[in-house]
Amino acid sequence: QVQLVETGGGLVQAGGSLRLSCTASGRSISGYYMGWFRQAPGKARTFVSQVTWSDGRAYYADAVKGRFTAARDNAKNTVYLQMNSLKPEDTAVYYCAATFNGQEFWRESTYDYWGQGTQVTVSS
């Protein structure tokens, strides 16, 4: 089992920045692919980013490309999502997730483990 805990959410004005963290515990996550998803009120959960634990390669949804950066710290078993130039439409609960399957990383169903989520609210 892998346990994931997200932190770092909060309230920020449009144009501001936040950094989310996701710390993993339990079995080794070496070789896992770590995803970030978000769910806005009344909407489905959608893909934001994925970072490969082994080499740090990252992929992004078009809506956040150029503004968000995903990274990992192997020593701390933690992945980060640096969010810059935030917009009100970025308001959502953000989740991190883990999977051994590197295919179709944009799909929720690909991921085996999920964190509890952290709220990000961007005011206009």
Side-chain angles (χ1 to χ4, degrees):
Q1 290 290 326
V2 174
Q3 291 81 43
L4 303 173
V5 178
E6 304 99 332
T7 57
L11 174 64
V12 64
Q13 288 189 329
S17 297
L18 282 174
R19 188 178 77 159
L20 305 183
S21 300
C22 172
T23 300
S25 61
R27 63 184 295 178
S28 171
I29 58 171
S30 174
Y32 272 82
Y33 298 84
M34 305 299 294
W36 287 98
F37 286 76
R38 66 185 181 185
Q39 187 168 22
K43 296 188 177 181
R45 193 152 52 181
T46 58
F47 171 76
V48 174
S49 178
Q50 188 209 56
V51 59
T52 303
W53 196 264
S54 59
D55 62 9
R57 186 177 303 181
Y59 301 91
Y60 302 94
D62 288 343
V64 306
K65 203 170 292 183
R67 300 188 297 121
F68 290 13
T69 302
R72 89 272 189 256
D73 185 328
N74 290 355
K76 295 183 178 180
N77 255 17
T78 298
V79 295
Y80 303 97
L81 187 67
Q82 177 66 44
M83 307 186 295
N84 299 328
S85 302
L86 283 161
K87 305 175 182 180
E89 51 263 44
D90 294 318
T91 295
V93 177
Y94 283 71
Y95 299 87
C96 72
T99 179
F100 255 137
N101 180 5
Q103 306 297 317
E104 297 188 332
F105 53 78
W106 58 89
R107 297 188 189 281
E108 278 190 76
S109 58
T110 297
Y111 294 83
D112 302 306
Y113 304 102
W114 291 84
Q116 83 289 351
T118 186
Q119 176 71 47
V120 170
T121 303
V122 184
S123 63
S124 57

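As the structure is a computational prediction, the values presented were derived from the model and not from experiment.
- Atoms CD and OG, on Gln13 and Ser124 in that order, are 9.5 Å from each other to the nearest 0.5 Å.
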Test side-chain contact (heavy atoms from CB on, under 4.5 Å) on Thr69 and Tyr60 and set out the steps.
CA-CA 8 Å; Thr69 302; Tyr60 302 94; 3.8 Å; yes
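- Between the Thr52 side chain and the Ser54 main chain, no donor and acceptor come within less than 3.5 Å of each other.
- Residues Val79 and Trp53 have side chains in contact (heavy-atom distance under 4.5 Å, counting atoms from C-beta outward).
- Between Tyr95 atom OH and Thr46 atom OG1 the span is 11.0 Å, to the nearest 0.5 Å.
- Judged purely by atom type and a 3.5 angstrom limit, Thr99 uses its side chain to pair as donor or acceptor with the backbone of Thr110.
- Side-chain contact between Val64 and Trp36: absent, with no pair of heavy atoms (C-beta onward) separated by less than 4.5 Å.
- A distance of 9.5 Å separates CG in Asp112 from CD in Gln1, rounded to the nearest 0.5 Å.
- The two residues Tyr111 and Ala97 come nearest to each other via the heavy atoms CD2-CB, 3.5 Å.
- Nearest heavy-atom pair, Tyr32 versus Ala98, reported as atom, atom and distance to 0.1 Å: CD2-CB, 3.7 Å.
- Between Leu81 and Ser49, the shortest heavy-atom distance links the atoms CD1-CB, 4.2 Å.
- Smallest separation of non-hydrogen atoms from Asn74 and Arg72: OD1-CG, 3.3 Å.
- For the residue pair Thr91 / Thr121, no side-chain donor-acceptor distance below 3.5 Å is found, with atom types taken as modelled.
- In this structure, Arg67 contributes its side chain and Ala63 its backbone to a donor-acceptor pair below 3.5 Å.
- Nearest heavy atom pair, residue Ala70 against residue Ala58, reads O-CB, 4.2 Å.
- In this structure, Tyr33 has its ring center at least 6.0 angstrom away from the ring center of Phe100.
- Applying the salt bridge (charged side-chain N to carboxylate O under 4.0 Å, His left out) rule to pairs touching residues 15-26 yields nothing, sequence neighbours excluded.
- The shortest side-chain heavy-atom distance between Trp106 and Gln50 does not fall under the 4.5 Å cut-off.
- Val120 is not connected to Trp114 by any chain of hydrophobic side-chain contacts under 4.5 Å among Ile, Leu, Val, Met, Phe, Trp and Tyr, and they are in different clusters.
- With sequence neighbours excluded, the residues that form a ring-ring contact (aromatic ring centres under 6.0 Å, His included) with Phe47 are Phe37, Phe105.
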Would Met83 and Asp90 satisfy side-chain contact (heavy atoms from CB on, under 4.5 Å), going step by step from the backbone distance to the final call?
CA-CA 9 Å; Met83 307 186 295; Asp90 294 318; over 6 Å; no
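- Scanning all heavy atoms of the two residues, the minimum distance from Leu18 to Gly8 falls at CD2-O, 3.9 Å.
- Side-chain atoms of Arg45 do not come within 3.5 Å of backbone N or O of Val93 as any donor-acceptor pair.
- With rounding to the nearest 0.5 angstrom, the CZ atom of Phe68 is 9.0 Å from the OG atom of Ser85.
- Ion pairing of Asp62 with Lys65 is present here, as a side-chain N (NZ or NE/NH1/NH2) and a carboxylate O approach within less than 4.0 Å.
- For Gln116 (side chain) and Glu6 (main-chain N/O), a donor-acceptor pair under 3.5 Å exists by modelled atom type.
- Annotation: Glu104, atom CD; neighbour count of heavy atoms from other residues, nucleotides and ligands within 6.0 Å is above 12.
- Under the 3.5 Å distance criterion, with hydrogens and angles disregarded, no donor-acceptor pair is assigned to the side chains of Asn77 and Thr23.
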